[in-house]
**Student:** 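Have a look at this one before I ask anything.
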Amino acid sequence: MSALFQNYARRPVHLVSGKGTIVTDETGKQYLDFTSGIAVLSLGHAHPAIVQAIQQQSEKLWHTSNLFESPEQEKLAANLVKDTHLAHAFFCNSGAEANEAAIKLARKHTGKHVIITFEKSFHGRTFGAMSATGQDKVRQGFGPLLDTFRTIPFNDIEALDAAIDSDVAAIMLEVIQGEGGVNQVTPAFAQAIADICESKGILLIIDEVQTGIARTGTRYAYEQTVLKPDIITLAKGLGGGFPIGAMLGTSALYDTFSPGTHGTTFGGNPLAVAVAQTVLDNVFDTKFLSAVNEKSEYLLGKLKTALPTHKIVGTGLLLGVVCEEEVAPYIEKAEQAGLLLVSAGPNVLRLLPPLTVTTEEIDQAVDLLSSILI
Ligand code: PLP
C-alpha cells in the first residue's frame, strides 16, 4: 500500500532530471517531454535563466508573506498588464486559487451570485473551481456543489441567451478548453459573449491558466479573439515550473478588494516572483512570440502531413490530435518509444512541448507519433 492517497493515475516512470525538452528517468532512458508538466514549463527543464533567478533569490530572501510591501510583485504585476486594458494583479499559488479569487471578485463587485460556465470546461479542484467545472467526472461524489454556477453547452449562442437573467454576475470561460478536448471558442460565440457582457453589464472572466503566458503564440489567448475580459486568471506557464498563480483585473475592479477581503500566505512569494519575472522577460519578447508561432505552424504542418486522416486542433503550442478511439493506449506506447504525451478528454492526444522546443525535436516527436498512430 502506498503512503500516498491514490488520487492520481501515475505512469510507472520515475523522472529524475531534465534539460530543455528532454527528461531522463532513473534507468537513464530519455524522453521528449511533450507534456511540459501539463503546460507549465514555458522555457523547458532547467533553463539557465530560471536556474540563475532562483539561485540568486534563494540567497537573498525566501519568504515574507504579504505583511510588507513588495516592489518585486509591483513590477511583475505591471509587466503582466503592460499594453493591455487590464490594470491590477493579485498573486496566489495555483490556477484553482486564481479562479477562486476571480469568483470572489466578480461576486463582490456585482453583488450578484450567478456565474455562467461551460460544459467540458476545467477550472480546478477547489470547491468553487470544481463547482465551476463542466465535467461530471471532476464533480462526482462531492455534491451538493455551489449553486453559483450555471453550466451550459460551449459555443451555443441560444443556450447562452437563455441562461442570462438579472442574477448573472459573470461569464467564465477558457477560449481554448485545454483539459476538455482542446475545444476552441468560435468567433460567433465570442462575439455573442462580448455583446451580452457589454449590453447587460456582465463581467467576463477568462481562465488563461493553460492558454496564457505565450502558450498559444500571443501573451494571452484572448488577444486572438474579440473578447475583452474584465478578469483573467493565470498559473501554469507563469512560473515555468515554480508554483505561482495570478488574477488580473481592470481598474474598474480596483476598489472591490480592500485589505482583509482576500489573501494567501504564500501568494507572490519572492522565489516565485523572481522566477515568474524571468519567465516573462523571455516569453513576452516579440521575437520569442514569433518563434512560438513559427514552431506551431511547423508542428501543425508536420502533423497534417504525417497524420492526414486525423483532425488536428488547437493554437500555438497547445495542439490536439483527435482520435476516434480512446487515446490512453497510445500514451503508453508513446512513452515506451520515448515520447511523453497527455490526453485532453478521452479521445484527444494533447501536444504541449516547452515553448523552447526545437524543430529537430518536433521532427522526432512527429516521427514517433506517426509510428504509433498509423
Ligand atoms: N484552469 C485551467 C484552464 C486548467 O487547465 C487548470 C489545470 O489544468 C486549472 C484551472 C487548475 O489549475 P491548478 O491545477 O494549478 O489548480
Side-chain angles (χ1 to χ4, degrees), residues 5 7-10 34-42 90-106 115-135 137-139 142 146 149 151 154 170-185 204-216 220-222 224-225 227 229 231-248 264 266-269 272 275-276 279 313-320 341-345 348 350-352:
F5 276 112
N7 54 315
Y8 300 110
R10 294 175 193 272
F34 269 50
T35 70
S36 294
I38 322 188
V40 165
L41 298 151
S42 332
F90 160 78
F91 292 110
C92 53
N93 312 288
S94 69
E97 270 185 61
N99 285 332
E100 294 293 337
I103 293 161
K104 286 178 68 174
L105 185 64
I115 297 179
I116 293 180
T117 62
F118 296 94
E119 289 173 7
K120 295 196 180 160
S121 62
F122 185 79
H123 298 296
R125 306 278 189 167
T126 51
F127 216 83
M130 172 186 67
S131 298
T133 291
Q135 298 189 49
K137 68 170 193 205
V138 172
R139 306 188 293 201
F142 299 108
L146 298 185
F149 301 99
T151 304
F154 193 46
I171 297 172
M172 178 171 178
L173 84 156
E174 301 152 88
V175 297
I176 304 174
Q177 294 182 329
E179 301 298 308
V182 193
N183 311 312
Q184 203 134 352
V185 72
L204 178 60
I205 303 169
I206 298 195
D207 179 338
E208 294 257 13
V209 167
Q210 186 150 163
T211 52
I213 316 294
R215 174 56 54 189
T216 65
Y220 307 115
Y222 81 80
Q224 298 174 47
T225 72
L227 296 169
I231 299 172
I232 72 170
T233 54
L234 302 167
K236 289 192 181 278
L238 175 58
F242 200 93
I244 181 168
M247 175 191 67
L248 311 185
T264 162
F266 290 119
N269 166 288
V275 174
V279 169
V313 288
T315 303
L317 291 174
L318 166 47
L319 296 179
L341 297 171
V342 61
S343 64
V348 178
R350 201 165 10 151
L351 305 184
L352 293 164

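Order of listing sets the numbers, starting from 1, for every ligand and every atom in it. Below, each value reflects all heavy atoms present in this structure, side chains not excepted, and no hydrogens, waters or symmetry copies. This one's a predicted model, so the numbers in the text were calculated from it and none came from an experiment.
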**Student:** Of the protein's non-hydrogen atoms, which lies at the shortest distance from atom 5 (O) of ligand 1, and what is that distance?
**Tutor:**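 The answer is Gln210 NE2, 2.9 Å.
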**Student:** Closer than 4.0 Å and a protein heavy atom, does any atom meet both conditions relative to atom 14 (O) of ligand 1?
**Tutor:**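 Protein heavy atom within 4.0 Å of atom 14 (O) of ligand 1: absent.
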**Student:** Heavy atom to atom 10 (C) of ligand 1, shortest distance: which of His123, Glu100, Met172 holds it?
**Tutor:**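 Among His123, Glu100, Met172, the closest heavy atom to atom 10 (C) of ligand 1 belongs to His123.
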**Student:** What atoms of ligand 1 come closer than 4.0 angstrom to any heavy atom of Glu179?
**Tutor:**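 Counting from 1, the qualifying ligand atoms are 5 (O), 8 (O).
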**Student:** Provide the number and element of each atom of ligand 1 under 4.0 Å from a heavy atom of Glu174.
**Tutor:**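 Close to Glu174: 3 (C).
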**Student:** Is ligand 1 less than 4.0 angstrom away from at least one heavy atom of Lys236?
**Tutor:**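 Lys236: in contact with ligand 1 (<4.0 Å).
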**Student:** What is the nearest protein non-hydrogen atom to atom 2 (C) of ligand 1, stated with its residue, atom name and distance?
**Tutor:**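 I find the closest protein heavy atom is Phe122 O, 3.3 Å.
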**Student:** Measure the CD-CE distance between Glu97 and Met247 for me, rounded to the nearest 0.5 Å.
**Tutor:**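 Going from the CD atom of Glu97 to the CE atom of Met247 covers 11.5 Å.
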**Student:** Check each atom of ligand 1 against the heavy atoms of Ser94 and keep those under 4.0 Å away; list them by number with element.
**Tutor:**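 In order of number, 15 (O), 16 (O).
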**Student:** What side-chain donor-acceptor pairs closer than 3.5 Å can you find for residues 236-246, not counting sequence neighbours?
**Tutor:**
from: Lys236; atom 1: NZ; to: Ile38; atom 2: O; distance (Å): 3.0

**Student:** For residues Thr315 and Gln224, is any side-chain donor paired with an opposing acceptor at under 3.5 Å?
**Tutor:**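 Side-chain D/A pair, Thr315 to Gln224: absent.
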**Student:** Using 4.0 Å as the upper bound for N to carboxylate O, is an ion pair formed by Glu208 and Arg215?
**Tutor:**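 No, no charged N to carboxylate O under 4.0 Å.
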**Student:** If you measure from each non-hydrogen atom of Glu97 to ligand 1, which part falls under 4.0 Å: side chain, backbone, both or neither?
**Tutor:**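 The answer is neither.
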**Student:** Tell me: protein heavy atom nearest atom 16 (O) of ligand 1, and distance?
**Tutor:**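 Result: Ala96 N, 2.8 Å.
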**Student:** Considering only heavy atoms, does Asn99 approach ligand 1 within less than 4.0 Å through its side chain, its backbone, both, or neither?
**Tutor:**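 Looking at Asn99 and ligand 1, just side chain atoms fall under 4.0 Å.
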**Student:** Counting distance only, does the side-chain N/O of Ser121 pair as donor-acceptor with the main-chain N or O of Gly134 below 3.5 Å?
**Tutor:**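 Indeed, once roles are kept as given, a pair shorter than 3.5 Å links the two residues.
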**Student:** How long is the straight-line distance from OH of Tyr220 back to CD1 of Ile206, given to the nearest 0.5 Å?
**Tutor:**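 Here the interatomic distance stands at 12.5 Å.
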**Student:** Distance check, rounded to the nearest 0.5 Å: Thr216 atom OG1 versus Leu319 atom CG?
**Tutor:**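 So the OG1 of Thr216 and the CG of Leu319 are separated by 10.5 Å.
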**Student:** Calculate, to the nearest 0.5 Å, the distance between atoms CG and CG belonging to Asn99 and Leu234 respectively.
**Tutor:**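 Those atoms lie 10.0 Å apart.
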**Student:** Under 4.0 angstrom from ligand 1, any heavy atom of Asp207?
**Tutor:**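 Heavy atoms of Asp207 do come under 4.0 Å of ligand 1.
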**Student:** Go through ligand 1 atom by atom and flag the ones less than 4.0 Å from a non-hydrogen atom of Val209.
**Tutor:**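 Near Val209, meaning under 4.0 Å from one of its heavy atoms, ligand 1 has 1 (N), 2 (C), 4 (C), 6 (C), 9 (C), 10 (C), 12 (O).
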**Student:** I'd like to check Glu174 versus Gln210 (side-chain heavy atoms, cut-off strictly below 4.5 Å). Are they in contact?
**Tutor:**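 In short, these two side chains do not touch, never coming nearer than 4.5 Å.
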**Student:** Nearest to atom 12 (O) of ligand 1, what protein heavy atom do you find, and at what distance?
**Tutor:**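 The protein heavy atom lying closest is Gly95 CA, 3.4 Å.
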